Amino acid sequence: MTDCIFCKIINGDIPSAKVYEDDEVFAFLDMSQVTPGHTLVVPKKHVENIFEYDEDVAVAIAKRLPKIANAIKEAFPEIKGMNIVNNNGELAYQSVFHTHWHLLPRYNEDDKFAIEFSNNQDSYTQEEFSERAALIASQIKEN
């Protein structure tokens, strides 16, 4: 894809702070550095979001995430945790439409990064809950 900033970074047309590269995956520091060591992991193959993943892209990313996360932890041993975030679609805060995973090291509660999960448990019945699960399960496609 000629207009994709991540494709340009992968191709070396735009400089980056590369932390990892192999035949399938490229990882580099996010310019925003939400927390020190904030790294993006992207497949070299241009894929817009997780809804377009094939098995090869999924395996490539899944195999590299722990390796890169552990490298970040080794580089910054004061890390107390790590958020691994993948946004899909504009509504879900995806801003670059080449799939990417944020590895966000967490140092303390004051590191200016937060995710809030609402508890909506009181807004549905057990029957509705079971119906949702069954609906999703019925759409699982086997390769």
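Worth saying up front: this structure is predicted, and the values here are computed from it rather than measured.
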- [ ] Take Gln121 and Phe129, measure what side-chain contact (heavy atoms from CB on, under 4.5 Å) needs, and give me the verdict at the end.
- [x] CA-CA 9 Å; Gln121 191 171 356; Phe129 190 64; over 6 Å; no

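- Looking at Ser123, its side chain does come within 3.5 Å of a backbone N or O of Asn120 through a donor-acceptor pair.
- Within a 6.0 Å radius of CD in Glu128, other residues, nucleotides and ligands contribute more than 12 heavy atoms.
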For residues 71-84, which side-chain N or O atoms pair as donor and acceptor with protein atoms under 3.5 Å away, sequence neighbours left out?
unit_1, atom_1, unit_2, atom_2, d
Lys73, NZ, Pro77, O, 3.2
Lys73, NZ, Ile79, O, 2.9
Lys80, NZ, Glu78, O, 3.4
Asn83, OD1, Arg106, NH1, 2.9

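- The hydrophobic cluster containing Phe26 also contains Ile5, counting ILVMFWY residues as joined when their side-chain heavy atoms lie under 4.5 angstrom apart, directly or transitively.
- The residues Lys63 and Glu24 are annotated as not salt-bridged, no charged nitrogen and carboxylate oxygen being separated by less than 4.0 angstrom.
- Residues His100 and His102 place their aromatic rings such that the two centres sit under 6.0 Å apart.
- Counting only heavy atoms from C-beta outward, the side chains of Tyr124 and Arg132 approach each other to under 4.5 Å.
- Taken to the nearest 0.5 Å, the CG atom of Leu29 stands 5.0 Å off from the OG1 atom of Thr39.
- In this structure, a donor-acceptor pair under 3.5 Å is present between the side chains of Tyr53 and Thr99.
- Side-chain contact between Leu40 and Trp101 is absent, with no heavy-atom pair separated by less than 4.5 Å.
- The structure places OG of Ser16 at 10.0 Å from CE of Met31, a figure rounded to the nearest 0.5 Å.
- For His98 against Lys44, the heavy-atom pair with the smallest separation is CE1-O, 4.2 Å.
- Both Ile50 and Ile68 are part of a single hydrophobic cluster, where members link through side-chain heavy atoms under 4.5 Å apart.
- Neither Tyr93 nor Val96 shares a network with the other; the hydrophobic side chains, linked directly or stepwise wherever heavy atoms of I, L, V, M, F, W or Y lie under 4.5 Å apart, form separate groups for each.
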TODO: Please step through side-chain contact (heavy atoms from CB on, under 4.5 Å) for the pair Lys8 and Asn11, ending with a clear verdict.
DONE: CA-CA 5 Å; Lys8 290 176 182 177; Asn11 292 332; 5.8 Å; no

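- Here the side chain of Lys141 pairs a donor or acceptor atom with the backbone of Gln139 at under 3.5 angstrom.
- Residues Gln94 and Asn49 have side chains in contact (heavy-atom distance under 4.5 Å, counting atoms from C-beta outward).
- Distance alone, capped at 3.5 Å, is enough to place a donor-acceptor pair between the Gln33 side chain and the Gly37 backbone.
- No donor-acceptor distance shorter than 3.5 angstrom exists from the side chain of Glu131 to the backbone of Gln126, with no hydrogens or angles considered.
- Of all the heavy atoms in Ile10 and Pro43, the pair that sits closest is CD1-O, 3.7 Å.
- Residues Asn86 and Asn88 bring a donor and an acceptor atom of their side chains to less than 3.5 Å of each other.
- In this structure Tyr20 satisfies the ring pair (Phe, Tyr, Trp, His ring centres under 6.0 Å) test with no other residue, sequence neighbours excluded.
- Within a 6.0 Å sphere centred on CG of Leu91, heavy atoms belonging to other residues, nucleotides or ligands number 12 at most.
- In terms of hydrophobic clustering, with Ile, Leu, Val, Met, Phe, Trp and Tyr side chains grouped at heavy-atom distances under 4.5 Å, Phe117 and Phe113 are assigned to a common cluster.
- Val25 is not listed as a side-chain neighbour of Val42, based on a closest heavy-atom distance of 4.5 Å or more.
- Contacts of Ser32 classified as side-chain hydrogen bond (donor to acceptor under 3.5 Å, both in side chains), with partners at least two apart in sequence or in another chain: Asp30.
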TODO: Take Asp22 and Arg64 through the salt bridge (Lys or Arg N to Asp or Glu O under 4.0 Å) test and state the conclusion after the steps.
DONE: CA-CA 10 Å; Asp22 64 25; Arg64 276 58 166 209; 2.7 Å; yes

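- To the nearest 0.5 Å, atoms SG (Cys4) and CD1 (Ile9) are separated by 8.5 Å.
- Using a 30° and 60° split on the angle between ring planes, Phe28 and Phe6 fall in the perpendicular class, above 60°.
- Neither Val85 nor Leu103 shares a network with the other; the hydrophobic side chains, linked directly or stepwise wherever heavy atoms of I, L, V, M, F, W or Y lie under 4.5 Å apart, form separate groups for each.
- Taking every heavy atom of both residues into account, Pro105 and Asp111 meet most closely at O-OD2, 4.2 Å.
- Here the CD atom belonging to Glu52 is positioned 11.5 Å from the CZ atom belonging to Phe97, to the nearest 0.5 angstrom.
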